[in-house]
Protein chains: 2
Amino acid sequence: MTRATPTGWQAVHDEALRRIQTREWPPGARIPGEEDLAAELGCARATVNRALRELAEAGLLERRRKAGTRVAETPNRRAQMSISRIAEEIETRGARPGYALIAADDAPMPPARRHALGLGADTPTRHVEALHLADGAPYVHEDRWISLLAMPGAANADFTVMSANEWLLRHAPFSHGTLDYSATTAGDAAAHLGCDTQTPVMVLDRATFGPDHPITWVRLTYAPGFHLHMKI
Amino acid sequence: MTRATPTGWQAVHDEALRRIQTREWPPGARIPGEEDLAAELGCARATVNRALRELAEAGLLERRRKAGTRVAETPNRRAQMSISRIAEEIETRGARPGYALIAADDAPMPPARRHALGLGADTPTRHVEALHLADGAPYVHEDRWISLLAMPGAANADFTVMSANEWLLRHAPFSHGTLDYSATTAGDAAAHLGCDTQTPVMVLDRATFGPDHPITWVRLTYAPGFHLHMKI
DNA sequence: AAGTGGTCTAGACCACGTC
DNA sequence: ACGTGGTCTAGACCACTTA
């Protein structure tokens, strides 16, 4: 049976989503095969495949060869957030970004952080400490170590005008990384953030790796009131 | 010029990624068109399209009709995290999940939260308060309101054995939602989490919507030491 | 006006995993 | 063994956007 309007993989996607949400395809049920759906909806199998693949990536369907496609019982949805330049993040929040370098030196990297990044004890690093501002107010404190093995150019880079965050985004052959958010007291960053040392703040520890070497480890301590917003 | 091994869209994906990382295709540069790449790599244009589309979705390439494909100058990568049943989240951390209902009643929903969910003042709700445990220790405190307009079945559901979290995952026609993480003091949840009221903790405010109606609003207050881990 | 990516098609072969 | 999804192909038309 052919249908009137549904052409395009998005139409197939929406129709399948509708059937899932209306429980026409209840949780756990096996849905028709790609061939059958293509015939029913009047399109090619590749179009159905594209639509169902997106729904599977979204966690709503589970697909296995031979076993067919089933509606997920307890969908594991994925929340996404965009990781961008800090200045861009501030602009997105409708504020004017500012930046101030606090220190750029050779302060040693704490062993625990060296280990988290998988960096040998003898690998040279550069330390950068800075403050990012939103409309002139403290937004986030950045405490970073950069591997000079992966980024030799960081030894002579000038971080007074361009933040290490942006410099690395432009120059590092970034491949993958980990993010670790937690809540803690402001502690040493309190002086820079203009709050009490006991104030609860959000902290992001991030390790970044290139295709061959670890690149950088950074702790971002956000000012009180920061919210991490995501959509799903 | 044809190549030896590269068949399959993943091979094309990896080859393109390599050229980006080695700066053979430097940031900002325009890369060859799909037709040219297909000829060079010895595959069909659709295969190249699939590969480059994934790289564009990852934020490494920017594609525009007629203008062609360019390497992003400051890539906006997307970090992903899986949103699943709380019990599953606890199992993933290698602990035995536990659950205890604290209260299931008709406590009124605070106006601010009603507004965040976009719920009218007269829409009936059900309130559920519970504690999730990991290896017997407090893991997260759940404070939730469910719209009885969207989920009339919630009025009579038994939340003593199955948490509202899991019940909703199984029964709600979930479509989209927002997540909002922040750091605060444990406050009222301290008693349940076994910590001081002044201890910094991570809080997640989540609003969930179905295709037609708001479904639920929940505040999850995580025990001290909780880390939100993501990969990119 | 023309170039580029976006998508669809019909057919084919393959890989995997269940039966 | 065989059914199902995963992917590739060659060709085509279209949509968007820039020149």
Side-chain angles (χ1 to χ4, degrees), chain A residues 1-17 19-20 25-73 75-76, chain B residues 1-17 19-20 25-73 75-76:
Chain A
M1 181 199 325
T2 48
R3 299 201 152 235
T5 39
T7 57
W9 69 267
Q10 278 207 16
V12 177
H13 174 280
D14 293 349
E15 172 62 12
L17 182 58
R19 293 188 186 183
I20 293 169
W25 290 344
R30 179 168 172 180
I31 74 172
E34 295 189 346
E35 201 90 45
D36 295 344
L37 272 177
E40 182 199 344
L41 300 174
C43 64
R45 185 168 82 94
T47 306
V48 174
N49 180 279
R50 171 79 187 269
L52 297 189
R53 176 159 42 85
E54 304 255 335
L55 287 169
E57 280 170 9
L60 290 173
L61 292 178
E62 289 168 2
R63 321 196 73 196
R64 271 164 22 225
R65 288 161 147 123
K66 167 78 178 175
T69 300
R70 291 179 176 280
V71 180
E73 304 247 14
N76 275 33
Chain B
M1 182 199 324
T2 48
R3 299 199 155 238
T5 40
T7 56
W9 70 266
Q10 277 207 14
V12 177
H13 174 279
D14 293 349
E15 171 63 11
L17 182 58
R19 294 187 186 184
I20 294 169
W25 290 343
R30 179 169 170 178
I31 76 172
E34 296 188 346
E35 201 89 47
D36 294 344
L37 273 176
E40 183 199 345
L41 300 174
C43 63
R45 183 166 84 93
T47 306
V48 174
N49 180 278
R50 170 79 186 268
L52 297 189
R53 176 160 42 87
E54 303 255 336
L55 287 169
E57 280 170 9
L60 290 172
L61 293 177
E62 290 167 1
R63 320 195 73 193
R64 271 164 20 225
R65 289 163 149 125
K66 166 76 178 177
T69 300
R70 292 180 176 278
V71 180
E73 304 247 14
N76 275 34

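Just so we're on the same page: letters track the sequence lines, and every chain starts at 1.
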Considering heavy-atom distances to DNA chain D, does B/Trp9 or B/Ala67 have its closest nucleotide positioned more toward the 5' end? B/Trp9
Starting the side chain at C-beta, find the nucleotide from [options] nearest to [X].
X       : options             : value
A/Arg50 : C/dT7, D/dT9, C/dG5 : C/dT7
B/Arg45 : D/dT7, D/dT9, C/dG6 : C/dG6
B/Asn49 : C/dG6, D/dG6, D/dC8 : C/dG6

Between atom [atom1] in [X] and atom [atom2] in [N], what is the gap in whole Å?
X       : N      : atom1 : atom2 : answer
A/Arg30 : C/dC19 : CZ    : P     : 9 Å
B/Glu35 : C/dA2  : CD    : C1'   : 15 Å
B/Glu34 : D/dG11 : CD    : P     : 16 Å
A/Glu62 : D/dG5  : CD    : P     : 14 Å
B/Leu41 : D/dT9  : CG    : C1'   : 15 Å
B/Arg63 : D/dT17 : CZ    : P     : 14 Å
B/Leu37 : C/dG5  : CG    : P     : 9 Å
A/Leu52 : D/dG6  : CG    : C1'   : 13 Å

I'd like a list of close polar pairs between nucleotides 14-16 of chain D and the protein, N/O only, cut-off under 3.5 Å.
unit_1	atom_1	unit_2	atom_2	d
D/dA15	N3	B/Arg65	NE	3.1

Which atoms form the tightest heavy-atom contact between [X] and [Y], and what is the distance?
X       : Y       : answer
A/Trp9  : A/Ala51 : O-CB, 3.4 Å
A/Gly8  : A/Thr47 : C-CG2, 3.9 Å
A/Pro27 : A/Glu73 : CB-CA, 4.1 Å
A/Val71 : A/Leu61 : CA-CD2, 3.9 Å
B/Gly59 : B/Ala72 : O-CB, 3.6 Å
B/Leu52 : B/Ala16 : CD2-CB, 4.2 Å

Over its full length, what angle do the end axes of the helix from C/dA1-D/dT18 to C/dT18-D/dA1 make, each axis taken from five pairs and the result rounded to 10 degrees?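 About 20°, once rounded to a multiple of 10°.
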As an exercise, state the distance from OG1 of B/Thr69 to CG of B/Asn49, rounded to the nearest 0.5 Å. 9.0 Å
CZ-CD1 distance between A/Arg63 and A/Ile31, expressed to the nearest 0.5 angstrom: 7.0 Å
Mind checking salt bridge (Lys or Arg N to Asp or Glu O under 4.0 Å) for B/Glu35 and listing every partner two or more places apart, or none if nothing turns up?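 Testing B/Glu35 for salt bridge (Lys or Arg N to Asp or Glu O under 4.0 Å), a comparison that skips the adjacent residues, returns none.
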When you measure from the side-chain N and O atoms of [X] to the phosphate of [N], is any distance below 4.0 Å, counting only OP1 and OP2?
X       : N     : value
B/Thr69 : C/dT4 : no
A/Arg53 : D/dG5 : no
B/Thr47 : D/dT9 : yes

Of A/Arg45, A/Arg50, A/Arg53, which is the lone residue that meets salt bridge (Lys or Arg N to Asp or Glu O under 4.0 Å) with A/Glu34?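 Output: one option passes, namely A/Arg45.
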